Structure formats: C-alpha cells, structure tokens
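Contents: one structure, followed by commentary.
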Number of protein chains: 2
Amino acid sequence: MGKEITIYDIATKLNLSAATVSRGLKGHPSISASTRKRIVDTARELGYRFNSFASNLRLQRTNTIGIIVPRLNSNFMSDAIAGMEKVANKAGYKIIISQSLESTIKETENISTLFNARVDGLLVSLASDTSSISEFEQFINRNIPVVFFDRVFNHPKCPNIVIDNYRAGYEAADHLFQKGCRRIMHIGGNQTGKVYRERFEGYQKALRDHGLIASEDLLIISQLSFEEGTSAAVQILAMNEKPDGVFVANDACAIGCMLELKKHGVKIPEEIAFVGFNNDPMALVIEPNLTTIDYPGEEMGELGATLLLSLLNNNNDDNFEQTLLLPHKLMDRQSSQKAASLEIK
Amino acid sequence: MGKEITIYDIATKLNLSAATVSRGLKGHPSISASTRKRIVDTARELGYRFNSFASNLRLQRTNTIGIIVPRLNSNFMSDAIAGMEKVANKAGYKIIISQSLESTIKETENISTLFNARVDGLLVSLASDTSSISEFEQFINRNIPVVFFDRVFNHPKCPNIVIDNYRAGYEAADHLFQKGCRRIMHIGGNQTGKVYRERFEGYQKALRDHGLIASEDLLIISQLSFEEGTSAAVQILAMNEKPDGVFVANDACAIGCMLELKKHGVKIPEEIAFVGFNNDPMALVIEPNLTTIDYPGEEMGELGATLLLSLLNNNNDDNFEQTLLLPHKLMDRQSSQKAASLEIK
DNA sequence: ATCAAATGTGCAAACGTTGGCATAAAGAAA
DNA sequence: TTTCTTTATGCCAACGTTTGCACATTTGAT
C-alpha cells in the first residue's frame, strides 16, 4: 500500500527536475540518451506508474475512444470490436464499450456517459430504431469525430463504414431466383435505419428485374430475433400460397424460422429455400447448412478505428471519403440448393 | 467549439466561490437548498460538464472497474458483462473491458493496461491456461480488490463466484448413466485451471460411483473449439470400442463433434448420447437438441459487480465469503434420450 | 443584551503532468 | 579571448476539482 511514485520522486532521486523526467519518459529529443536511460531505469526500479488523469487534465484529451453498439454478443460485433481494440491499443488508446441493446433511450444514455467521459472520438453502430442523430451533435459541434459503422447514418461530418447492403440484398434474392424460386419472400428488420431498408430494397429490385412482384403478403418485418423467426414460420404455415424461397435479413431469425418449418414437415430447400445474412456460426449447425451473406467484421473494426485515429491526428477536416464500402460474399450452402433438387425430380 | 465551462465560470456568474459550486453540484448538506438550485440551473444553462479527470486526480480514484475475460463473444460472457454493466452503471461506475483471447500473454498485457488505467477494482475470468496469478499481486498489494468469476483462482484475498463445476460434471455423467450409457467418454478442456478439471473430476466420481472405469482411452483433452469437436469425432470413429455416451465440457465442441459423427452415419442419441455444457443458443439448433448444463450468466455478472462494489466501499477487509456458488441446471433434451430409444427396440 | 450553537460560504493548497520560456554549459567560429 | 550556436536542463504556471479549516452571519437561549 506504499504511496504512488510520481515523476517528482524520480526527479528527486536523480537530482533532476520533474520536467526533465517527464520529457525523458516521453522520449523527448532534447533529453540526452544517458539521462533518459537513468530516468527510465529509475522509474522501473521505483515502480512508477504513469498518471493518466494528471496527463489528461493537463492535455485536455483522454486517449480514449468510445464505442456504442447494439449488442456485444453477436459474432460480427465481437469481431469488429476485436479489430478496433487491436488498432486502438497499438496507437495507445483505450476503449470504452457500451451497448444500446437496440434501445434508442439506452443509446442516448450511453452517449451522455461517453460525452462526460470525454472520449476523444466515437465509433458507433446505431440501434435499429434510431431515426435521428441529434444526440451526436454535441460531439460534432465540438469537433469530436464520430465514425459510424455497419448501422450508419448519413451526416456530412461523419464517415460511414458499411457493406453494400443494397447489393447484398439484391444478390441474395437473385441467388434464390437462379436456384429456381419464383415466390420469394422477405423477412426484414426495422426499416427505420438504412441497413435493413437497403437489404429490402435490393431484394425488391432483384424481383423486379426478374419480372416478379414483391407483394405485401410476401413481406414480414420484425426485430429478427430467433423467436420471431419461429413466429414468421407460423405465419408462413398459415399461408394459402406459400413462398418457395425466403431471404431473411439475419441468420438467427432465419434459423428460428427453418427449425419451426422443419418441425411441421416442410422440406428445406426442396419446398422452401433459405438465404440468411451475417454468416453466424449457427449457419453451419443448422441442417441444411444456411446459405448466407458473409462480411468482414474484424476488418470493418480495424478500418473504423484507423479512420477515427486519422481524424483525431490530422485534422484534415473535410478530406475523407464519406462512405467506405467493404466487400461481402454470398456463402452458397445447402439451404438454397432448390435447383439441384428440382432437377432430380 | 466553445471553451469548456468549469465550476469557476458558474461561480463567477453567481458571485460564489468554486468551492460552493462544487459542493452544490455534489449535493453537499451544508449548501442551502436555494443556492444549490441556482448552481444546478446555471450549470445546465451554461452547458457545464463535469471533469472527471480533475476529480480523479484530486480524489485518487477513478470510478472505473476493469473487466478481463477470455472472450466477449460467448453467450455466457455477454450476459455476464451485461449484468456487470447494469450494476456498475447504477453505482456510477464505468467499465473497461478487455479480452485475453485465452492467451496468458495477452492477459498479462491487459492487466498492465488496467493497472495503468488505475481501475478501482477488477472482475476477472481467467484464460484457460493461466496457472499463476502473480500478475495480480500488484493489485492485491495495493488493496485494489480483485474478484474472480467463472474461471477462478483461489487466493485468500480474492472472492470467487462460480458454479459447482464438480457437481455439474457429476450430474452430466450420472445423467448419461441413468439413460443407459455404460461407456461414457469425456471431452474436457485445459486442465490447468480449476473449471475443466473439476468438471472432469465430477465425471470421474460419477463413473466410480456406478462401478465404471474412467479409462484413458475414453478421455480427450482439447481447447474445446468447434473444430476440435470435429477432430474428436474423427478419433471416436477410429476407435474399436466406441463410447455410447459423451460428456463434452462445452457446447460448441460437442456440436462440432456431433455434426461430424452424424455425417458419418452415427445415430445420436441411439448409438452415442451427448451432454454438453453452457446452454449455448446453438444447443437448440443442432438436431437432436443438445442436453446441456445451463448456468446464470447475468446473475453471476451482477453478483460479481455487487460484491466488488461492496469491497470498494466498506473496506471490511476480511469479512467476505471466499467462494460464492450459483446454481446450475441440467437441460434435459433429445441428445441424451438413449434409454427411451433402447426401450423401443 | 450577551453568548453559544448552527448554518452557509470562502480561502488556499493539493492532486501529477506538461510545455513555453529562460538559462547554463559546452563547443565552434571569429 | 570573445561571441555565437547548440545542447541539455530547470522554473513555473496551468489543467479543474475537492476539502479542511476559518470566518461570517443568523438563530435561539439565557
């Protein structure tokens, strides 16, 4: 429980001034190599630990970046956060993580917490029903950079890092068409944000391009949970004209739906083919394995953090791309192989 | 980008001293209600935000607790962390999270990061191959409380929050026995830490109690990943005398194993029954649904945070339970219903 | 009217680090 | 030797909050 060692203690011991010790520790060029070495050695010997609060107070910056995400426990998110942590750590930044749990209210609370924690910048993936980012204005007004990823919002000052959800939605629906589906259903997420809306719009476009109609009764909007997948299946089972293919905007919901349909004897993919989204590990557990859209979580996290750090350092205010697109990939698996099974018949 | 407002600005505006403003903002009893109101109103009006660095510097505490976990992306962990965040937030604490990714080296780095961040306390679930907690001594020596949960280590100064892994292992193996298994295999995790060792020992005891032998060839030790489940299946397929039941120390590995066995035509549970551990969401996706041990993540997180906070506030140095046990529960599902299928035959 | 107690507020120092500016010492050019 | 650089270090104030102690004012009791 000994007292904390400060640079003064080191200075006293070496007959130097605190300023010299501070500079020595920081590798300032005007300190001679020999003095620097003595300082560093003594610091280690005395068990000195840097006081970031004093430093933060003095420098008016925190070397901390805040992260707000809908939930931590998805595969994508933990990859993304791992990527951010890697980049941030290397640059000497700490991270503070908070979850909105898909609630705009909780999100607002988190924003103030991070505002009061005086993070130097923010990496945000929005809750699905957030329809305005006015809460972020307090950051933007103070020139604290805000970078959105995955669940983004267009704002002239805030870069976005996303995949092309429109294109991915298009590809998913097109894939089902290529496999022989003609009544293609969509189970989509909250349409307030861009992500699920774009996936839906891509799906619609694909249908139109193939001369199909994206009719109302082939659309279910939900929160995309596993349980809501089950409910969606119940709805499907009650339909007179069932779909022959379903594009679900995330894997958990797709799997909940598939399990329930299977339980009622529906053959997948023969009767109904499925395409999901996210490439969740569960997609390889469900039988048949789920065709889904994969996208690079860790890379997105790294890119987001890198971009944020560059905004923090070079204050090239307007010299950035508004939107960065990352590639996605359709993982073609058994849940969509209807064509093959049709050929057999 | 206006300058930050400080208590001095508020004080000047109201013709008070900074000290009075500070006390007013904190609700100190010696400030009259009317003055307090004026202070709070003016603070809001001016857009004052509390400077926690100055406060931390002055008070020598950070109102931050550090969390170290093996990985964020398991269902259990995100529940546990959600529980911690809830409790910590309510008490006005921030949390800093870091992952060891099961590496003792990365864990050590995280420990120093959090040490330098001067967290007021630590909530830790150890990496699976951590065999010594000497790195934590720097905290313990300074009377910074360290609470272990789930993956724990016995240290007289550090409370543990766990489930009874020994008993759970016993119950899992016993369950398989009750269902008719007589060659019960165990796929266990790293035996360095207590968790997987205890599950293994419980399994051994159950076998002994039923007059069975836990022989070497019925034991596989691995990192318990999904992929290692696949390898385990390959080993099983190569065995002369195959097991008729397998207790796997986590669900991901159990599921990897089951999928591979099914691919080779092994009937589950008829030929080989399975019991997993963790109650991962995947356990309800695999067919047959996996019998597994469920335990309360969120509750464990809440309890851990509550305990840590109580250690921070009352410095009742020695007045705590060394080990807190939380209840677990065997979720009896299809993957272990061998007895029923035996009866049919 | 006098004194004691209670109430409300201010003063000033401390927390540990940092960076502009000043200065001392040493070497180089005249 | 004198003057000018260059190099290495020290001085000092500032960052914003907190708190022990002192002080002033009010209230109530005698």
Side-chain angles (χ1 to χ4, degrees), chain A residues 1-40 42-43 46-64 92 94 115-120 142, chain B residues 1-40 42-43 46-64 92 94 115-120 142:
Chain A
M1 221 181 7
K3 215 183 112 297
E4 288 286 342
I5 302 296
T6 75
I7 52 174
Y8 275 96
D9 300 315
I10 300 174
T12 308
K13 174 137 186 187
L14 293 178
N15 268 320
L16 290 170
S17 74
T20 302
V21 174
S22 172
R23 287 190 264 251
L25 255 14
K26 282 278 177 307
H28 190 284
S30 78
I31 301 295
S32 70
S34 68
T35 306
R36 170 152 57 247
K37 180 162 185 338
R38 288 197 303 144
I39 291 172
V40 172
T42 313
L46 260 37
Y48 169 74
R49 65 172 172 164
F50 181 70
N51 187 325
S52 47
F53 305 108
S55 176
N56 288 340
L57 177 58
R58 172 63 222 247
L59 295 175
Q60 304 278 74
R61 66 190 327 234
T62 63
N63 274 284
T64 302
K94 292 185 295 289
F115 185 63
N116 288 319
R118 307 200 176 202
V119 296
D120 292 338
R142 289 179 197 245
Chain B
M1 223 182 5
K3 215 183 110 299
E4 288 286 343
I5 302 296
T6 74
I7 52 172
Y8 275 95
D9 300 314
I10 300 174
T12 308
K13 175 137 183 189
L14 294 177
N15 269 319
L16 290 170
S17 73
T20 303
V21 174
S22 172
R23 287 192 263 250
L25 254 14
K26 282 278 177 304
H28 190 284
S30 79
I31 301 296
S32 68
S34 68
T35 307
R36 169 151 59 246
K37 182 164 185 340
R38 289 198 302 144
I39 291 172
V40 172
T42 313
L46 260 37
Y48 168 75
R49 63 173 174 163
F50 181 70
N51 188 324
S52 47
F53 305 109
S55 176
N56 288 340
L57 177 58
R58 173 63 222 246
L59 294 176
Q60 304 279 72
R61 67 190 324 230
T62 63
N63 273 283
T64 302
K94 294 186 293 289
F115 186 63
N116 287 320
R118 305 197 178 207
V119 295
D120 293 337
R142 288 177 198 247

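As the structure is a prediction and not an experimental result, all values here were calculated from the model. Within every chain, numbering begins at 1; the chains are lettered A, B, ... in the order of the sequence lines, protein sequences first and strands thereafter. Values below: all heavy atoms of this structure, side chains included; hydrogens, waters and symmetry mates excluded.
Within the 4.0 angstrom heavy-atom criterion, no nucleotide atom of any strand lies near A:S52. At the heavy-atom level, A:N15 lies under 4.0 Å from the strands shown only through sugar-phosphate atoms.
Regarding B:K37, its NZ atom lies at a distance of 17 Å from the P atom of C:dG8, rounded to whole Å. For the pair A:L25 CG and C:dG19 P, the computed distance is 13 Å after rounding to whole Å. Counting to the nearest Å, the P atom of D:dT7 and the NE2 atom of A:H28 are 13 Å from each other. What separates CG of B:N56 from C1' of C:dT17 is a distance of 15 Å, to the nearest Å. Atom CD1 of A:I31 is separated from atom P of C:dG19 by 12 Å (rounded to the nearest Å). As rounded to whole Å, 16 Å separates atom C1' of D:dT17 from atom CG of B:L16. The CZ atom of B:R61 sits 18 Å away from the P atom of D:dT17 (whole-angstrom rounding).
The 5' end of DNA chain D is approached more closely, in terms of each residue's nearest nucleotide, by A:S34 than by the other of A:S34 and B:K26.
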List the steps and the verdict of side chain to side chain contact (heavy atoms under 4.5 Å, CB included) for A:R36 and A:K26. CA-CA 9 Å; A:R36 170 152 57 247; A:K26 282 278 177 307; over 6 Å; no
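Side-chain contact annotation: A:N56 with A:T62, donor-acceptor N/O pair under 3.5 Å absent.
In this structure, A:S52 OG and A:R61 CZ are separated by 13.0 Å, a value rounded to the nearest 0.5 Å. How far CG of A:D9 is from OH of A:Y48: 10.0 Å, rounded to the nearest 0.5 Å. Distance check: B:T42 OG1 to B:L25 CG gives 10.0 Å after rounding to the nearest 0.5 Å.
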Give each protein N/O atom lying under 3.5 Å from an N/O atom of nucleotides 11-16 of chain C, with the pair distance.
{"from": "C:dC15", "atom 1": "O2", "to": "B:R58", "atom 2": "N", "distance (Å)": "3.4"}
{"from": "C:dG16", "atom 1": "N2", "to": "A:A54", "atom 2": "O", "distance (Å)": "3.3"}

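Proximity of A:T20 to the phosphate of D:dG10: a side-chain N or O atom is located under 4.0 Å from OP1 or OP2. Under 4.0 angstrom from either OP1 or OP2 of D:dT9 there lies at least one side-chain N or O belonging to A:S32.
B:R23 places no side-chain N or O within 3.5 Å of a backbone atom of B:P29 that could act as its donor or acceptor partner.
B:F115 carries A:R49 over the face of its six-membered ring, with the cationic atom under 6.0 Å from the centre and within 45° of the normal.
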